[in-house]
There are 2 protein chains.
Amino acid sequence: MRRLLVVEDDTDLREMVSETLADEGYHVDQAPDGQRGLHLGLTRPYDVLVIDRRLPALDGLDLITRLRARAVAARALMLTALGTVDDRIAGLDAGADDYLAKPFDLDELSARIRALCRRTADATEALRVGAGHLDLAARDAVLADGTRVSLSAREFELLRVLAARPGAVHPRAALRSRVFDEAAAASIVDTYVYYLRRKLGRTVVQTVHGLGYRLGAL
Amino acid sequence: MRRLLVVEDDTDLREMVSETLADEGYHVDQAPDGQRGLHLGLTRPYDVLVIDRRLPALDGLDLITRLRARAVAARALMLTALGTVDDRIAGLDAGADDYLAKPFDLDELSARIRALCRRTADATEALRVGAGHLDLAARDAVLADGTRVSLSAREFELLRVLAARPGAVHPRAALRSRVFDEAAAASIVDTYVYYLRRKLGRTVVQTVHGLGYRLGAL
DNA sequence: CGATGTCATGCGCCGACTGCTTGTGGTCGA
DNA sequence: TCGACCACAAGCAGTCGGCGCATGACATCG
């Protein structure tokens with residue numbers, strides 16, 4: 001599922017856009033100002049960012065510039081009430097991939113997002129877990145603050161199985177059979193949970209006494 | 001140098017656009033109708049195609065559709081006198097990456113082409129990797145500090161495959177099948193990774209134990 | 001036409017890391 | 001309070017990867 005971020009201070013407009021896009025099958029996150037947009041954009045993997053030009057806390061242009069400076073590769077579509085050519089040029093040269101003037105047609109926005117999505121085919125394939133996510137391509141975990149943690153093959157596999165259903169309790173036996181050989185020792189899962197906790201923090205994998213383990217937030 | 005193709009039947013407009021873009025440093029080819037545009041688009045490597053919607057011989061929409069069917073990856077910017085939302089949506093869904101209504105501002109066209117060019121790093125000219133890049137024409141790597149490192153054909157090919165998705169883990173088998181003969185020895189990839197590290201520094205290619213290699217920053 | 005150098009490839013040893021086991025002490029729950 | 005369950009540490013063996021070296025093909029140049 002494609003992941004979008006809508007950064008727009010007008011609540012009505014933001015929610016209307018978000019709902020429309022969500023109805024079309026996108027996962028949509030929202031941010032009401034530039035600062036929160038920056039934080040989400042840096043810490044979560046998106047395919048397309050829809051960014052208003054005029055934003056409180058951090059201007060849309062600055063937002064894109066700062067995201068690009070941190071090597072965020074997501075496509076950016078800028079919305080604006082400022083319709084002049086120079087505004088559009090400034091937006092595009094700041095790193096936006098497309099520029100749409102308000103008032104705009106929702107169907108056109110949707111079509112332009114489809115066009116941008118076509119180009120991110122091999123981009124970030126990721127599994128979200130709370131505020132962090134698993135980068136399936138790079139095979140490492142990304143924490144809420146953006147820190148990347150490299151995991152060994154088994155560690156990553158175990159975490160991925162847990163992340164398939166975050167919050168659910170996964171019995172030891174299920175984890176052992178999915179991640180390790182059936183013949184492995186009974187305590188193998190414990191040990192790898194220990195490794196994960198050592199790398200990702202104490203609270204990431206929670207013990208449910210007598211039942212198994214459960215994934216908390218990354 | 002970026003390569004553009006302008007497909008437009010209005011001679012005056014085509015030449016004006018072409019000259020303006022040529023002045024900005026692009027290599028620009030021209031085609032006066034869809035058929036000739038199709039032929040050029042299929043046989044030569046372009047970064048961006050500027051295509052009029054209404055064309056003799058072959059309609060702009062059909063042109064894009066046929067190019068896409070033949071896996072031409074160049075970005076397409078569609079020009080049109082038809083300004084309705086439905087036209088724009090039809091163009092975008094046919095495979096265009098951007099859509100600009102006539103009359104348009106030449107500076108905006110130029111800015112939109114710049115935006116499209118940013119995204120075609122992997123097309124023809126140079127592949128950006130972190131602060132450095134690959135010079136596809138000279139077949140050597142340029143480091144962050146500007147140092148040029150000349151690579152042998154195999155070394156360069158291996159680096160290029162890795163650079164297609166920097167940060168992602170590339171399994172050995174995938175690298176061997178893409179860069180070397182299938183029949184090559186199992187350790188051939190290791191050896192060439194060793195060569196790359198020797199020339200570019202230890203950190204450029206990272207090992208992911210049991211899985212493959214990953215490209216760091218140049 | 002021979003000499004020289006570069007490139008592609010194969011082989012093999014050694015070191016490093018991973019995966020897994022085992023054991024001990026601590027914690028939980030009834 | 002007791003038994004079961006769990007956390008953690010350390011160690012071991014096997015595999016994987018790093019790297020040097022040897023060989024042969026090919027191009028280049030004297």
Side-chain angles (χ1 to χ4, degrees), chain A residues 134 138-141 148-162 168-216, chain B residues 134-136 138-141 148-162 168-216:
Chain A
L134 298 187
R139 299 209 129 240
D140 51 22
R148 297 191 89 88
V149 179
S150 72
L151 303 171
S152 82
R154 296 284 187 180
E155 289 166 358
F156 187 84
E157 195 58 26
L158 175 59
L159 185 54
R160 192 154 69 105
V161 170
L162 288 168
V169 176
H170 299 259
R172 283 188 154 58
L175 294 174
R176 193 174 72 234
S177 69
R178 291 203 54 180
V179 180
F180 304 89
D181 200 329
E182 288 288 356
S187 66
I188 190 76
V189 175
D190 301 27
T191 302
Y192 275 85
V193 166
Y194 162 59
Y195 291 155
L196 286 180
R197 289 207 255 240
R198 196 165 55 180
K199 287 189 173 180
L200 300 171
R202 213 52 62 96
T203 60
V204 171
V205 182
Q206 296 155 4
T207 304
V208 184
H209 202 95
L211 295 174
Y213 295 99
R214 153 198 338 177
L215 189 61
Chain B
L134 300 187
D135 185 334
L136 296 185
R139 304 224 122 219
D140 50 22
R148 296 192 86 88
V149 179
S150 74
L151 302 170
S152 80
R154 297 285 185 179
E155 290 166 356
F156 188 84
E157 194 58 25
L158 175 59
L159 184 55
R160 192 157 69 100
V161 170
L162 287 170
V169 175
H170 299 260
R172 288 184 140 58
L175 294 174
R176 195 172 72 235
S177 69
R178 291 200 56 178
V179 179
F180 304 90
D181 199 329
E182 287 288 356
S187 67
I188 192 77
V189 176
D190 301 22
T191 302
Y192 275 83
V193 166
Y194 164 59
Y195 292 155
L196 285 179
R197 288 207 256 241
R198 199 165 54 179
K199 288 188 173 180
L200 301 172
R202 211 51 62 96
T203 60
V204 170
V205 182
Q206 296 156 4
T207 303
V208 184
H209 203 97
L211 295 172
Y213 295 98
R214 150 187 10 189
L215 189 61

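Chain A is the first sequence line, chain B the second, and so forth, proteins listed ahead of strands; every chain is numbered from 1. These numbers were taken from a predicted model, which means no experiment stands behind them.
For B:Arg202, the side-chain hydrogen bond (donor to acceptor under 3.5 Å, both in side chains) criterion is met by no residue, not counting sequence neighbours. Residues that satisfy the side-chain hydrogen bond (donor to acceptor under 3.5 Å, both in side chains) test with A:Arg178, not counting sequence neighbours, are absent from this structure. Under the rule for a ring pair (Phe, Tyr, Trp, His ring centres under 6.0 Å), the partners of A:Tyr195 that lie at least two apart in sequence or sit in another chain are A:Tyr192. Looking at residues two or more places apart in sequence or on another chain, you find a side chain to side chain contact (heavy atoms under 4.5 Å, CB included) between B:Val189 and B:Leu175, B:Arg176, B:Phe180, B:Val193, B:Tyr213. In terms of the side-chain hydrogen bond (donor to acceptor under 3.5 Å, both in side chains) criterion, residue partners of A:Glu155 (sequence neighbours excluded) are, by chain and number, A:Lys199. For A:Arg198, the side-chain hydrogen bond (donor to acceptor under 3.5 Å, both in side chains) partners at least two apart in sequence or on another chain are A:Tyr194. In this structure, the side chain to side chain contact (heavy atoms under 4.5 Å, CB included) partners of B:Ala168, at least two apart in sequence or on a different chain, are A:Ala137, B:Arg165, B:His170.
Rounded to the nearest 0.5 angstrom, A:Leu159 CG and A:Leu134 CG are separated by 4.5 Å.
Phosphate contact (OP1/OP2 of C:dC11, side-chain N/O of B:Ser187, threshold under 4.0 Å): absent. Using a 4.0 Å cut-off, some side-chain N or O of B:Arg172 falls inside it from OP1 or OP2 of D:dG17.
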Each nucleotide N or O in nucleotides 27-29 of chain D that has a protein N or O under 3.5 Å away: list the pair and distance.
none

Please enumerate all protein N or O atoms sitting under 3.5 Å from an N or O of nucleotides 14-20 of chain C, with distances to 0.1 Å.
unit_1: C:dG19; atom_1: OP1; unit_2: A:Arg154; atom_2: N; d: 3.4
unit_1: C:dG19; atom_1: OP2; unit_2: A:Ser152; atom_2: OG; d: 2.7
unit_1: C:dC20; atom_1: OP1; unit_2: A:Arg154; atom_2: NH2; d: 3.2
unit_1: C:dC20; atom_1: OP2; unit_2: A:Arg154; atom_2: NE; d: 3.3
unit_1: C:dC20; atom_1: N4; unit_2: A:Tyr195; atom_2: OH; d: 2.7

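Rounded to an integer number of Å, the gap from CG of A:Leu196 to P of D:dC8 is 12 Å. Note: CZ (A:Arg202) to C1' (D:dA7) measures 9 Å, nearest angstrom. Separating the CG atom of A:Leu211 from the P atom of C:dG29 is a distance of 11 Å, rounded to the nearest angstrom. Atom-to-atom, CD of A:Gln206 to P of D:dA7 comes out at 12 Å; the value is rounded to the nearest Å. Atom C1' of nucleotide C:dC13 and atom CG of B:Asp190 are separated by 14 Å, given to the nearest angstrom. Separating the CZ atom of A:Arg198 from the P atom of D:dA10 is a distance of 10 Å, rounded to the nearest angstrom.
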**Q.** Derivation of the salt bridge (Lys or Arg N to Asp or Glu O under 4.0 Å) call for B:Glu157 and B:Arg154
**A.** CA-CA 5 Å; B:Glu157 194 58 25; B:Arg154 297 285 185 179; over 6 Å; no
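A salt bridge (charged side-chain N to carboxylate O under 4.0 Å, His left out) check over residues 184-197 of chain B, counting only residues at least two apart or in different chains, returns the pairs B:Arg172-B:Asp190. Identified under the salt bridge (charged side-chain N to carboxylate O under 4.0 Å, His left out) test for residues 203-212 of chain B, with sequence neighbours left out: none.
Contacts of A:Arg197 with the nucleic acid, taken as non-hydrogen atoms under 4.0 Å apart, involve only primed sugar atoms and P, OP1 or OP2. Heavy atoms of A:Arg176 sit nowhere under 4.0 angstrom from any nucleic acid atom.
From one end of the helix from C:dC1-D:dG30 to C:dA30-D:dT1 to the other, with five pairs defining each end axis, the axis direction shifts by 30° (rounded to 10°).
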